[in-house]
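To start, the structure under review is shown below, and the notes come after it.
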Amino acid sequence: MQSLLNKKIVLGVSGGIAAYKTPELARLLMQEGASVQVVMTGAAQQFVTPVTMQALTGNPVYVSQWDARIPNNMAHIDLSRSADAILIAPASADLMAKLSLGLADDLLSTLCLARDCPLLLAPAMNRQMWEHAATQRSAIGLQEDGVGLLGPASGFQACGETGMGRMLEPTEITDQLIAFFQKKLLAGKKVLITAGPTFEAIDPVRGITNHSSGKMGFAIARAAIEAGAEVQLIAGPCHLETPLAATGKITRTNVVSAKEMHAATLQSTDYDIFFAVAAVADWGIAKPSKEKIKRQGNKTPALEFIANPDILLDVAKTVKTKAGKPIPYCVGFAAESTDLEVHANEKRKRKGIPMIVGNIGHETFGSDLNQLLIIDERGSKKTAKAEKLQLARQLIQIVAKKI
Ligand code: C5P
């Protein structure tokens, strides 16, 4: 799935060492289906050449407002007219100051002043330049003018110092641009999500768990942030990066056992939607051994199980009705080996929740693809087989209508 299909992006490059990452950014934007038109400042060309950017994007690169290749000689007007957004990465302190004042003394700054499309900046500079009162004034002023700031992040800098001012990674910038274009169906809403498996210890080195990569739950977290929500993600043991972490719109709590997941979930109180996507172990071990259980020939140890708390059931008990709508709106998930619709719907009723989503087929474990059966009190609807992120966006659309 290409999330920037048919989008025309003007990619501005200003002078900063982070420009060495801009060619990679251009490639990622194009992989997502965008067409990329690069505009560079004079200083940017000290770090990366127009030839590089042209070879990667397949489009001529513009560096001067006097460029005679534009038929009417008005590059500053022509280049942005058909663009869906101007993205500048890196955006230097100098460029930010210029844009906040409305100065227009080269092609890129003139283009920004003359634009009729959104402008997003990925600042990149030394930490003292970022912290300087003048830069902070520019950042605040630009945001007041409706300009989006992607980052910066904190970390190791090319100058050898560590601090705020690092440009976001090209993947993070791409993901945030994708998010920017999604409809804000959950603006102002808070979403709680459990994801991944749980792990129930037998002893310090062994345990039992469920199949679950966490991909579906993490995709829902990403889609919810894209839709404008704030997300609390409670994740069992899985090796996935927190989606859209650089937006600051997501907090992640890592847990291991079902008991821990239950405690972390029930600690949260203020949210509008709950997606119980985690594959929670139904049983834990009654008395996990503190020491590793030693093998004794062919003798097998007897394990006593105890039932784990049902997280979704307990959250469903806290639901209140506001203006005729249940808060939080609870969405369960079900993986079944037979009669998915019957079992899933029975589960929905037993847990007292308005919606349950069945995973069609077992090959979905660990895969990027899935197919869903979405069941509510009015009936069921099967989705097409698609990437989990695409399905997550569909699900967010459906749930957004419900609340
Ligand atoms: O009860 P069962 O595990 O079959 O139902 C699956 C749904 O219930 C999923 O949404 C899952 O996240 C949730 N669940 C839970 N706590 C449990 C067991 C399942 O939240 N202990």
Side-chain angles (χ1 to χ4, degrees), residues 191-201 207-221 223-224 231-238 240 252-269 271 273-286 305-319 326 328-362 364-365 370-377 380 388 391-392 395-396 398-399 402:
V191 176
L192 179 67
I193 302 169
T194 62
T198 67
F199 180 87
E200 312 297 323
I208 56 168
T209 187
N210 286 353
H211 272 309
S212 172
S213 62
K215 284 182 181 173
M216 193 65 221
F218 277 58
I220 290 173
V231 170
Q232 241 184 302
L233 177 64
I234 300 176
C238 56
L240 297 176
R252 175 176 178 170
T253 309
N254 288 324
V255 296
V256 177
S257 67
K259 260 192 187 163
E260 283 173 27
M261 188 175 272
H262 182 264
T265 307
L266 279 253
Q267 222 173 34
S268 299
T269 47
Y271 51 95
I273 310 169
F274 177 48
F275 288 99
V277 198
V280 186
D282 287 311
W283 312 284
I285 308 298
F305 290 98
I306 49 161
N308 275 328
D310 191 321
I311 304 165
L312 179 52
L313 190 77
D314 286 351
V315 170
K317 285 180 194 159
T318 70
V319 169
Y329 188 88
C330 291
V331 182
F333 273 70
E336 299 290 334
S337 49
T338 57
D339 300 321
L340 176 64
E341 180 156 4
V342 174
H343 289 305
N345 201 28
E346 183 272 322
K347 209 171 271 186
R348 182 182 72 79
K349 289 180 185 157
R350 179 163 42 84
K351 299 201 187 220
I353 55 171
M355 184 180 285
I356 196 150
V357 180
N359 290 306
I360 299 173
H362 288 291
T364 63
F365 293 134
N370 204 355
Q371 188 177 11
L372 304 177
L373 184 68
I374 301 171
I375 307 169
D376 66 11
E377 61 282 348
S380 67
K388 286 179 176 171
L391 294 172
L395 191 58
I396 291 291
I398 293 170
V399 173
K402 299 275 182 190

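Each ligand, and each atom within it, is numbered from 1 in the order the structure gives.
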Practice task
Taking the side chain as every heavy atom from C-beta outward, state whether Phe275 and Val399 have any pair of such atoms under 4.5 Å apart.
Solution key: yes
Practice task
Answer with yes or no whether the side chains of Asn308 and His262 bring together a donor and an acceptor at under 3.5 Å.
Solution key: no
Handout entry: For Asn210, side-chain hydrogen bond (donor to acceptor under 3.5 Å, both in side chains) partners two or more places apart
Key = none
Exercise for the section: In plain terms, say whether Asp376 and Arg348 are close enough for a salt bridge, that is, a side-chain N and a carboxylate O under 4.0 Å apart. Expected result: no
Atom pairs and distances, ligand 1 N/O vs protein N/O under 3.5 Å:
{"from": "ligand 1", "atom 1": "1 (O)", "to": "Lys351", "atom 2": "NZ", "distance (Å)": "2.8"}
{"from": "ligand 1", "atom 1": "4 (O)", "to": "Lys347", "atom 2": "NZ", "distance (Å)": "2.3"}
{"from": "ligand 1", "atom 1": "5 (O)", "to": "Lys351", "atom 2": "NZ", "distance (Å)": "3.3"}
{"from": "ligand 1", "atom 1": "8 (O)", "to": "Lys351", "atom 2": "NZ", "distance (Å)": "2.9"}
{"from": "ligand 1", "atom 1": "10 (O)", "to": "Ala276", "atom 2": "O", "distance (Å)": "2.5"}
{"from": "ligand 1", "atom 1": "10 (O)", "to": "Phe333", "atom 2": "N", "distance (Å)": "2.7"}
{"from": "ligand 1", "atom 1": "10 (O)", "to": "Phe333", "atom 2": "O", "distance (Å)": "3.3"}
{"from": "ligand 1", "atom 1": "12 (O)", "to": "Ala276", "atom 2": "O", "distance (Å)": "3.1"}
{"from": "ligand 1", "atom 1": "12 (O)", "to": "Ala278", "atom 2": "O", "distance (Å)": "2.6"}
{"from": "ligand 1", "atom 1": "16 (N)", "to": "Ile311", "atom 2": "N", "distance (Å)": "3.0"}
{"from": "ligand 1", "atom 1": "20 (O)", "to": "Leu312", "atom 2": "N", "distance (Å)": "2.9"}
{"from": "ligand 1", "atom 1": "21 (N)", "to": "Pro309", "atom 2": "O", "distance (Å)": "2.8"}

Exercise for the section: Could you verify whether a donor N or O on one side chain and an acceptor N or O on the other, from Glu200 and Ser257, lie under 3.5 Å apart? Expected result: no
Handout entry: Nearest-0.5 Å distance that lies between atom NZ in Lys259 and atom CD1 in Ile311
Key = 12.5 Å
